[in-house]
2 protein chains.
Amino acid sequence: MPSPSSQAKEPTALDRIRKAGLRPTRQRLALAKLLFANGSRHVTPESLFNEARSKRVNLSLATVYNALHDFTECGLLREISIEAGRSYFDTNTTEHHHFYFERTGKLQDVSLDSVRITSLPDAPPGEKVKRVDVVIRLAK
Amino acid sequence: MPSPSSQAKEPTALDRIRKAGLRPTRQRLALAKLLFANGSRHVTPESLFNEARSKRVNLSLATVYNALHDFTECGLLREISIEAGRSYFDTNTTEHHHFYFERTGKLQDVSLDSVRITSLPDAPPGEKVKRVDVVIRLAK
DNA sequence: TCTCGATTTAGAATAATTCTAAAATCCGTT
DNA sequence: AACGGATTTTAGAATTATTCTAAATCGAGA
């Protein structure tokens, strides 16, 4: 038995990086494994760096920034701006929205269909709507 | 004739600051005049500082930060997070949304009723929805 | 294995913001 | 109008997040 399961699998970290046209370096592979291991995640450069460190992955903070930006440009991640002075990267690149817990600074996905937007203004002349971000801010 | 117009007036800068319970210092008055002079505005601390400087208002950048935060706490302004590493303050504190022009970094108000949200998820237990921010990102 | 462009890295540099503590200001009371 | 205490302002240092730099290392094809 080559594999314990024959269900359709998530692509491996290597697959994802290859498909994105990036060189699969040791650092990118390690980060991709952390990021895409299970389910949707929201990381900051700092949080991912600490996580990698704690798992004995040896890399520099600059590399985490590089990788997060490279992944974002290739569509593997999506960047979210919630608070000035802190960037979040989301492994869920499908269209969706967010809860933002102000007390903890954590994010949680909100599925696209639980927020129904039934009208939107026209884009101003010469511009196109690139994305509509909905952030539901939560507090006590 | 005491005044060229007898229509209902916008509150003066002094009124606003007094009503907010803040001391009307020279700096706060000058900034409030710039901010609330006409219509809705979106400023960054830097942009407001430069504007004040160019009008010969003598103050320090730290004071602009202090005033913007004080005004925000008192409900005179609203803070908006659009891009990591840059904060925007909006003189329109009524509920509304925004266009964000990625090319120029400028914001434009979108009235509440041109974005119709007909369903929202329940807030997670123990949390309340404090605000729903919709940002319509525009590009070429 | 060799080679060369891509990637990583440490540390410096930059940018935005906050902090510090001293000086100035505001304003109610004299 | 001067007084005095709390508030505010300020310059500059400190902090935080991020980007840059240029040298070292790595990855993949010949």
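Lettering follows sequence order; numbering is per chain, from 1.
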What integer distance in Å separates [X]:[atom1] from [N]:[atom2]?
X: B/Glu46; N: C/dT14; atom1: CD; atom2: C1'; answer: 13 Å
X: A/Arg28; N: C/dT8; atom1: CZ; atom2: C1'; answer: 10 Å
X: A/Arg53; N: C/dA10; atom1: CZ; atom2: C1'; answer: 11 Å
X: B/Arg86; N: C/dT14; atom1: CZ; atom2: P; answer: 17 Å
X: A/Glu83; N: D/dT16; atom1: CD; atom2: C1'; answer: 14 Å
X: B/Ile17; N: C/dC27; atom1: CD1; atom2: P; answer: 11 Å
X: B/Asn58; N: C/dA24; atom1: CG; atom2: P; answer: 14 Å
X: A/Leu29; N: D/dC26; atom1: CG; atom2: P; answer: 15 Å

Q: Return yes if some donor-acceptor pair links the side-chain N/O of B/Arg53 with the main-chain N/O of B/Ser60 below 3.5 Å, else return no.
A: no
Q) Does B/Ser87 make a side-chain N or O approach to OP1 or OP2 of C/dA16 shorter than 4.0 Å? A) no
Q: Look at the side-chain N and O atoms of A/Thr63 and state whether any lies under 4.0 Å from the OP1 or OP2 oxygen of C/dT8.
A: no
Establish, from distance only, whether the side-chain atoms of [X] and [Y] form a donor-acceptor pair under 3.5 Å.
X: B/Glu83; Y: B/Tyr88; answer: no
X: A/His98; Y: A/Asp109; answer: yes
X: B/Thr12; Y: B/Asp15; answer: yes

Q | Crowding at CZ, A/Arg56 (>12 non-hydrogen neighbours, <6.0 Å) | A | no
Q) How many angstroms lie between atom CG of A/Leu76 and atom CZ of A/Arg28, to the nearest 0.5 angstrom? A) 10.5 Å
Is there any protein nitrogen or oxygen under 3.5 Å from a nitrogen or oxygen in nucleotides 19-21 of chain C, and what are the pairs?
none

Close N/O contacts between protein and nucleotides 27-29 of chain D (under 3.5 Å):
residue, atom, partner, partner atom, Å
D/dG27, O4', A/Arg23, NH1, 2.8

Q.
At a heavy-atom distance below 4.0 Å, what parts of residues 65-74 of chain A sit against DNA chain C?
A. A/Asn66
Q: Map B/Gly21 and B/Leu61 onto DNA chain D by nearest heavy atom, then report which one ends up closer to the 5' terminus.
A: B/Gly21
